[in-house]
Amino acid sequence: MVVTDEDWLITESIKSNRKAQQMLFDKYRVTMLGVCIRYAKNRDEAEDILIESFVKVFKHLPDFQRKGSFEGWMRRIFVNTALGYLRRNNILGATEQVENARYFDDRESSAVEKMEAQEIVRYITKLPEGYRLVLNMYAVEGYSHREIADRLGIS
């Protein structure tokens with residue numbers, strides 16, 4: 001078995017080797033700060049999430065089974081910590097939990113089904129030209145996305 005620098009850092013960090021912990025922190029700090037920034041409303045908040053997440057990483061490092069990516073394992077901790085931070089600080093506000101979301105029954109009509117054809121056409125005509133063209137080619141003419149892209153020279 002080949003021991004990598006990352007393996008050594010993990011092993012030594014588990015042993016509470018402060019130098020290894022600092023090296024592990026330095027190795028992933030910038031990448032994980034990027035993750036935190038996507039969830040935080042400002043850099044100070046992101047740095048709070050970063051520190052809280054690294055505390056959890058070091059606490060749970062013995063649980064890492066070295067199956068799969070260490071960075072991926074860490075990223076899950078960071079995302080979960082960020083979401084927890086947002087919940088604790090009521091930043092998620094009025095958003096519903098997925099479990100509490102209302103599911104629609106097949107018997108319920110959608111808004112589009114209730115609309116008159118003329119109303120739908122009126123909304124479609126308000127779309128920017130490019131969107132309207134693609135929508136018509138796809139929904140009305142039956143072209144595939146690939147065919148539309150080829151015909152219009154777009155990705």
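Note that these values count all heavy atoms, side chains included, but never hydrogens, waters or copies made by symmetry.
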A.B. asks: Can you name the residues that form a salt bridge (charged side-chain N to carboxylate O under 4.0 Å, His left out) with Arg43, not counting sequence neighbours?
C.D. replies: Glu47

A.B. asks: To the nearest 0.5 Å, what is the distance between CD on Glu71 and CZ on Arg76?
C.D. replies: 11.5 Å

A.B. asks: Charged N to carboxylate O under 4.0 angstrom, Glu12 versus Lys19?
C.D. replies: no

A.B. asks: Can you see which heavy atom on Leu61 is nearest to which on Ser13, and at what distance?
C.D. replies: CD2-CB, 3.4 Å

A.B. asks: The criterion is salt bridge (charged side-chain N to carboxylate O under 4.0 Å, His left out); which residues satisfy it with Lys59, sequence neighbours excluded?
C.D. replies: none

A.B. asks: Residues in ring-ring contact (aromatic ring centres under 6.0 Å, His included) with Phe70, at least two apart?
C.D. replies: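 Phe70: ring-ring contact (aromatic ring centres under 6.0 Å, His included) contacts with Tyr28, Phe64, Trp73.
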
A.B. asks: Taking side chain to side chain contact (heavy atoms under 4.5 Å, CB included) as the criterion, tell me which of Thr81, Asp48, Val35 meets it with Ser53.
C.D. replies: Thr81

A.B. asks: Does the side-chain contact (heavy atoms from CB on, under 4.5 Å) test come out yes or no for Phe54 and Leu50, once each step is laid out?
C.D. replies: CA-CA 6 Å; Phe54 266 111; Leu50 179 81; 3.7 Å; yes

A.B. asks: In terms of side-chain geometry, is the basic nitrogen of Glu52 or Arg88 positioned less than 4.0 Å from the acidic oxygen of its partner?
C.D. replies: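 Yes, charged N to carboxylate O under 4.0 Å.
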
A.B. asks: Does a donor on one side chain and an acceptor on the other come within less than 3.5 Å for Arg66 and Thr11?
C.D. replies: yes

A.B. asks: Can you check side-chain contact (heavy atoms from CB on, under 4.5 Å) on Arg75 and Thr31, steps first, answer last?
C.D. replies: CA-CA 9 Å; Arg75 187 177 296 271; Thr31 303; 3.9 Å; yes

A.B. asks: As a quick check of understanding, evaluate ring-ring contact (aromatic ring centres under 6.0 Å, His included) for Phe25 and Phe58, giving each step before the final call.
C.D. replies: CA-CA 10 Å; Phe25 176 83; Phe58 289 122; 7.7 Å; no

A.B. asks: Starting at CG of Leu24, measure out to CZ of Arg29 and round the result to the nearest 0.5 Å.
C.D. replies: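 Leu24 atom CG to Arg29 atom CZ measures 12.5 Å (nearest 0.5 Å).
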
A.B. asks: Taking atom NZ of Lys56 and atom CG of Asp63, what is their separation to the nearest 0.5 Å?
C.D. replies: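 Output value for this atom pair is 13.5 Å.
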
A.B. asks: Establish, from distance only, whether the side-chain atoms of Asp26 and Gln22 form a donor-acceptor pair under 3.5 Å.
C.D. replies: yes

A.B. asks: Which pair of non-hydrogen atoms, one from Ile49 and one from Cys36, has the smallest distance, and what is that distance?
C.D. replies: CG2-SG, 3.6 Å

A.B. asks: I need the Leu33 CG to Ile51 CD1 distance, nearest 0.5 Å.
C.D. replies: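 Atom-to-atom, Leu33:CG and Ile51:CD1 are 9.5 Å apart.
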
